[in-house]
Amino acid sequence: MQYQPVKGTHDIYGKEVLGMRYIETVLAAACELYNYKEIMLPTLEYTEVFSRGTGAGSDIVRKEMYTFLDKGNRSVTMRPEFTAGVMRSIISNKLYAGDLPLKLFYSGAAYRYERPQLGRYRQFHQFGIEQVGSDNARADAECVILAVSGLQMLGFQNVKVKINSLGDAETRANYREALVEYFKGHIDEMCSDCKERLELNPLRILDCKVEHDQEIAKGAPRIKDYLTEASEKRFYETLSIINAMGIEYELDENLVRGLDYYSEFVFEIHLTSPEGKDYGAVCGGGHYGGLLKELGGPDLAGVGFAMGVERLYSLMMENHLLDDIEEGLDLYVMPVGEKVLNDAFEITMACRSFGYSTDSPFQSMKFGTMFKKAEKLGAKYALIVGEEELENGVLKIKNIATQEQQEISLENLQEELHDIFGCEEEHHCHCHECECDCDCEECDCECGDEEHECHCHEEGCHCHHHDDE
Ligand code: HAM
């Protein structure tokens with residue numbers, strides 16, 4: 001029997017690993033610009049964290065959790081989302097006793113027993129943030145601005161933000177009543193999920209994807225007519241800040257989000273591929289009032305979002321935003337003949353210790369086969385190690401792309417490799433005036449900031465240093 005991955009899960013390897021890592025790195029960099037710190041949480045939580053946190057009325061808790069009894073007979077659940085776990089951690093570690101607001105970001109796998117389809121998995125990855133301890137329209141606005149700027153840093157130009165307000169507790173109680181009154185007259189013709197929703201959370205009926213139900217929902221009362229004065233004021237304050245930042249959005253009164261903890265401001269971000277493929281929302285989030293308190297902590301409000309990393313990856317691939325990412329190797333060391341295998345092995349190790357990604361075959365191979373392999377591995381250079389070369393202490397190094405070959409001294413291997421790779425090294429520099437983030441000698445960037453990224457090549461280096469201008 002040949003085993004397949006569990007339905008709805010998938011193996012991630014090759015370019016997808018690089019792509020997903022890149023996405024996480026860029027989003028983490030965006031978060032750091034906003035002073036968010038990373039938090040790493042267990043995959044498993046006691047089931048109650050989600051049943052009370054994510055909410056007993058949500059589809060996630062009712063139908064989609066991977067829940068089981070551990071050997072100590074305790075009910076545990078593989079996280080279907082991070083927010084409830086972050087709150088649990090804030091309480092367990094008394095993080096609320098420190099500086100507020102807490103600004104945390106996270107990334108990792110989440111699990112939901114959903115029907116797998118395009119962009120929907122049972123194991124998927126989320127990148128998200130939570131900001132706790134500041135109940136403020138500006139905090140809500142910062143959250144959506146950070147989500148948009150993260151997506152822009154990934155290269156997405158047309159980001160479509162949908163926004164709604166679910167109001168405060170009074171708003172929702174009044175609105176709930178109005179919805180129940182309206183849907184009661186139609187519920188017999190609606191889907192079985194909506195029948196359940198009418199009991200548990202009538203707002204979710206507005207989110208139903210069944211066409212006939214959507215038609216009925218069009219005639220339902222509108223939440224904006226039920227917002228209390230305070231909720232309305234807060235909502236328009238948030239919108240005006242988002243407006244002032246030049247972020248385009250549309251108001252979507254049917255956006256209710258599927259988790260129980262939201263109040264006031266909620267949003268989703270949708271992106272489509274050039275071919276018009278819809279992978280679903282790439283980002284969802286909003287404000288929550290009583291979540292921390294519900295889980296036994298102090299009464300502090302929060303706001304956050306999470307993005308689906310697989311969905312982002314698919315869209316970035318389709319929008320050619322990951323074309324430059326490639327698996328590669330600096331050096332492929334080629335031993336010519338059996339006798340030099342050990343020397344080649346040592347040279348390979350030395351190159352690695354100098355910081356170059358290097359590989360080499362464990363047994364002897366034909367020269368042509370090794371070249372093909374070097375090309376296939378995406379090696380920049382082949383380092384040829386033969387008996388004669390070892391005797392003379394001079395190896396040959398060949399640029400795989402240009403086929404140019406030169407000699408390199410074994411004794412000064414590190415220095416000479418440095419000269420050859422020189423400007424090709426990737427440096428980190430964060431000066432914004434300087435597009436080249438290189439600290440190599442050829443490129444005399446004097447911004448003094450060592451931490452920003454440059455991919456300068458010796459020839460055709462087009463860096464614009466402020467001191468050049
Ligand atoms: P969510 O809308 O359930 O929100 O999920 C956030 C994102 O995770 C979605 O927009 C989607 O991109 C991705 N996602 C969700 N389910 C799947 C799936 N089955 N397969 C692939 N991707 C998926 C939350 O999880 C909230 N905790 C967000 C939040 C944080 N709200 C406040 N703070």
Side-chain angles (χ1 to χ4, degrees), residues 6-10 12 20 23 27 31 36 39 41 45 49-50 53-55 58-61 63-66 78-90 101-132 139-140 142-144 146-147 150-151 154 156 159-162 164 166 204 207 255-272 278-292 301-316:
V6 170
K7 186 173 173 188
T9 72
H10 64 294
I12 303 168
M20 295 204 20
I23 291 168
L27 293 177
C31 285
Y36 280 75
I39 184 163
L41 297 175
E45 296 281 356
V49 170
F50 301 114
T54 312
S58 66
D59 283 357
I60 294 179
V61 171
K63 304 181 199 159
E64 296 169 359
M65 294 207 300
Y66 282 89
M78 291 166 78
R79 62 182 173 218
E81 57 120 20
F82 285 69
T83 311
V86 173
M87 298 306 123
R88 194 274 309 142
S89 173
I90 289 174
L102 282 163
K103 289 180 153 191
L104 302 166
F105 76 86
Y106 48 80
S107 82
Y111 304 83
R112 294 183 191 175
Y113 195 82
E114 292 194 82
R115 196 151 48 84
Q117 61 188 62
L118 185 72
R120 182 179 294 164
Y121 306 96
R122 289 182 176 173
Q123 177 184 306
F124 58 99
H125 292 76
Q126 282 192 338
F127 184 100
I129 67 152
E130 307 299 339
Q131 196 224 96
V132 173
D140 296 351
E142 187 187 85
C143 176
V144 73
L146 169 51
L151 293 171
L154 288 172
F156 291 108
V159 174
K160 200 159 124 194
V161 187
K162 295 183 180 189
N164 194 17
L166 302 179
R204 293 288 328 273
D207 210 17
L255 180 69
V256 292
R257 307 277 302 129
L259 303 103
D260 285 2
Y261 45 67
Y262 292 114
S263 59
E264 309 285 3
F265 179 77
V266 289
F267 72 100
E268 273 185 8
I269 302 181
H270 292 247
L271 302 165
T272 45
D278 185 1
Y279 290 95
V282 290
C283 175
H287 172 91
Y288 38 89
L291 179 54
L292 201 66
V303 60
F305 67 72
M307 297 189 184
V309 183
E310 282 83 357
R311 292 185 188 182
L312 286 174
Y313 174 78
S314 303
L315 281 156
M316 289 185 75

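As the structure lists them, so they are numbered: ligands from 1, and atoms in each ligand from 1. Residue indices begin at 1 and follow the sequence shown.
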task: For the pair Arg112 (side chain) and Pro80 (backbone), establish whether a donor and an acceptor sit closer than 3.5 Å, ignoring hydrogens and angles.
output: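 Checked: pair present.
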message: I'd like to know if the side chain of Glu310 and the backbone of His125 have a donor-acceptor N/O pair within less than 3.5 Å.
response: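 Checking the backbone N and O of His125 against the side chain of Glu310, a donor-acceptor pair under 3.5 Å is found.
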Suppose we measure from [atom] to each protein heavy atom; which comes out shortest, and what is that distance?
{"atom": "atom 14 (N) of ligand 1", "answer": "Phe124 CE1, 3.6 Å"}
{"atom": "atom 1 (P) of ligand 1", "answer": "Arg257 NH2, 3.5 Å"}
{"atom": "atom 21 (C) of ligand 1", "answer": "Gly119 O, 3.2 Å"}
{"atom": "atom 26 (C) of ligand 1", "answer": "Tyr261 OH, 3.4 Å"}
{"atom": "atom 7 (C) of ligand 1", "answer": "Ala306 O, 3.5 Å"}

Which of these, [options], has its nearest heavy atom closest to [atom]?
{"atom": "atom 29 (C) of ligand 1", "options": "Phe82, Phe127, Tyr106, Tyr262", "value": "Tyr262"}
{"atom": "atom 12 (O) of ligand 1", "options": "Ala281, Gly304, Gly8", "value": "Ala281"}
{"atom": "atom 5 (O) of ligand 1", "options": "Gln123, Gln126, Glu81", "value": "Gln126"}
{"atom": "atom 19 (N) of ligand 1", "options": "Gln117, Glu268, Glu114", "value": "Glu114"}

Ligand 1 N/O within reach of [X] N/O, cut-off under 3.5 Å:
{"X": "Met307", "answer": "no"}
{"X": "Tyr121", "answer": "yes"}
{"X": "Gly308", "answer": "yes"}

Looking at side-chain heavy atoms only, is the closest gap between [X] and [Y] below 4.5 Å?
{"X": "Thr83", "Y": "Glu130", "result": "yes"}
{"X": "Phe156", "Y": "Leu315", "result": "yes"}
{"X": "Arg122", "Y": "Glu64", "result": "no"}
{"X": "Cys31", "Y": "Phe127", "result": "yes"}

Say whether [X] and ligand 1 are in contact under the criterion: heavy-atom distance to a ligand atom below 4.0 Å.
{"X": "Gly258", "value": "no"}
{"X": "Cys283", "value": "yes"}
{"X": "Tyr279", "value": "no"}

field: Result of checking Lys160, Arg257, Lys162 against Glu268 for side-chain hydrogen bond (donor to acceptor under 3.5 Å, both in side chains)
entry: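 Checked Lys160, Arg257, Lys162 against Glu268; only one passes side-chain hydrogen bond (donor to acceptor under 3.5 Å, both in side chains): Arg257.
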message: Tell me which one of Val86, Ile90, Ile39 satisfies side-chain contact (heavy atoms from CB on, under 4.5 Å) with Leu102.
response: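 With Leu102 as partner, side-chain contact (heavy atoms from CB on, under 4.5 Å) holds for just one option, Ile90.
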